[in-house]
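Predicted model only: the values in this text are computed from it and were never measured. Every chain is numbered from 1, with letters handed out A, B, ... down the list of sequences.
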Amino acid sequence: ETGVTQSPTHLIKTRGQQVTLRCSSQSGHNTVSWYQQALGQGPQFIFQYYREEENGRGNFPPRFSGLQFPNYSSELNVNALELDDSALYLCASSLGGAGNTIYFGEGSWLTVV
Amino acid sequence: DQQVKQNSPSLSVQEGRISILNCDYTNSMFDYFLWYKKYPAEGPTFLISISSIKDKNEDGRFTVFLNKSAKHLSLHIVPSQPGDSAVYFCAALRSRAAGNKLTFGGGTRVLVKP
């Protein structure tokens with residue numbers, strides 16, 4: 001139990017649609033990041049939010065966007081879904097920067113058909 | 001451009017013996033390294049970490065070794081237990097300012113046989 005909860009746990013979308021994934025970080029954690037894990041691969045960093053501001057982005061196109069709310073919960077939005085977006089999406093939270101333990105949620109499985 | 005690599009996709013070990021997982025990295029800017037364990041249908045769980053100013057860190061049955069000149073780290077699990085069967089990921093951070101921007105390897109699936 002990491003205190004990081006994600007919803008929904010599983011969902012199926014059609015190519016071209018939009019999806020919103022949600023993350024509730026551990027209490028007090030002000031840094032949230034999102035990762036995409038394709039089958040058989042390690043997680044890939046999408047972006048990070050610190051106190052409601054994006055402060056780091058990986059190699060993902062602009063159709064991947066996010067938000068962090070005043071209570072530090074977060075959303076990942078993906079527009080114009082493609083088949084290759086099918087993956088496990090992981091949310092991670094921590095208090096501040098590196099050296100502090102980073103806690104992951106159980107992830108949201110997205111299937112694009 | 002895979003900056004963190006785990007060249008062994010799988011490892012099988014007998015219960016009670018040592019499990020050694022290896023990880024190589026190419027980016028010399030990485031200065032903090034972590035190991036995560038992942039069970040199916042769960043998120044990665046933090047195991048152990050090491051700063052680049054150290055060459056060894058130990059926590060119970062888990063020890064991580066870092067060889068900066070070789071850009072190589074390894075995780076030793078002694079003794080291995082059936083509950084250790086999982087996928088293990090090596091991850092790296094560029095700096096303390098990087099927050100949660102982890103760069104992961106592809107993972108090694110460990111099977112501990114009773």
Can Y36(B) and F104(A) be said to form a side chain to side chain contact (heavy atoms under 4.5 Å, CB included), step by step? CA-CA 10 Å; Y36(B) 283 85; F104(A) 282 84; 3.6 Å; yes

NZ (K13(A)) with more than 12 external heavy atoms under 6.0 Å: yes

Which atoms of Q37(A) come close to chain B, meaning under 4.5 Å heavy atom to heavy atom: side chain ones, backbone ones, both, or neither? side chain

Just verifying a value: how many Å separate Y35(A) OH and L102(B) CG, rounded to the nearest 0.5 Å? 3.5 Å

Just give me the residue among G105(A), G56(A), G107(A) that pairs up with chain B most often, heavy atom to heavy atom, under 4.5 Å. G105(A)

Examine whether an atom of S93(A) lies under 4.5 Å from a heavy atom of chain B, and if so say whether it belongs to the side chain, the backbone or both; otherwise answer neither. backbone

Between F104(B), F89(B), Y39(B), which shows the greatest number of heavy-atom pairs under 4.5 Å with chain A? F104(B)

Is it the case that atom CZ in R61(B) sees more than 12 heavy atoms from other parts of the structure closer than 6.0 Å? yes

Just wondering, more than 12 heavy atoms not from R63(A) lying within 6.0 Å of its CZ? yes

Can you see which heavy atom on G43(B) is nearest to which on L90(A), and at what distance? CA-CD2, 4.2 Å

For R57(A), is the CZ atom crowded, meaning more than 12 foreign heavy atoms sit under 6.0 Å from it? yes

Which portion of L88(A) sits near chain B, non-hydrogen atoms under 4.5 angstrom: side chain

L39(A) CG: over 12 foreign heavy atoms closer than 6.0 Å: no

Rounded to the nearest 0.5 Å, what separates atom CD1 in I102(A) from atom OG1 in T45(B)? 13.0 Å

Same apolar cluster (I L V M F W Y, side chains within < 4.5 Å links), L11(A)/L76(A): yes

At a heavy-atom separation under 4.5 Å, does A91(B) approach chain A through its side chain, its backbone, both, or neither? neither

Crowding at CG, N59(A) (>12 non-hydrogen neighbours, <6.0 Å): no

Going from CG on N55(A) to NZ on K101(B), what distance comes out if it is rounded to the nearest 0.5 angstrom? 10.0 Å

Do I48(B) and V110(B) sit in the same hydrophobic cluster, where Ile, Leu, Val, Met, Phe, Trp and Tyr count as joined when their side-chain heavy atoms come under 4.5 Å apart? yes

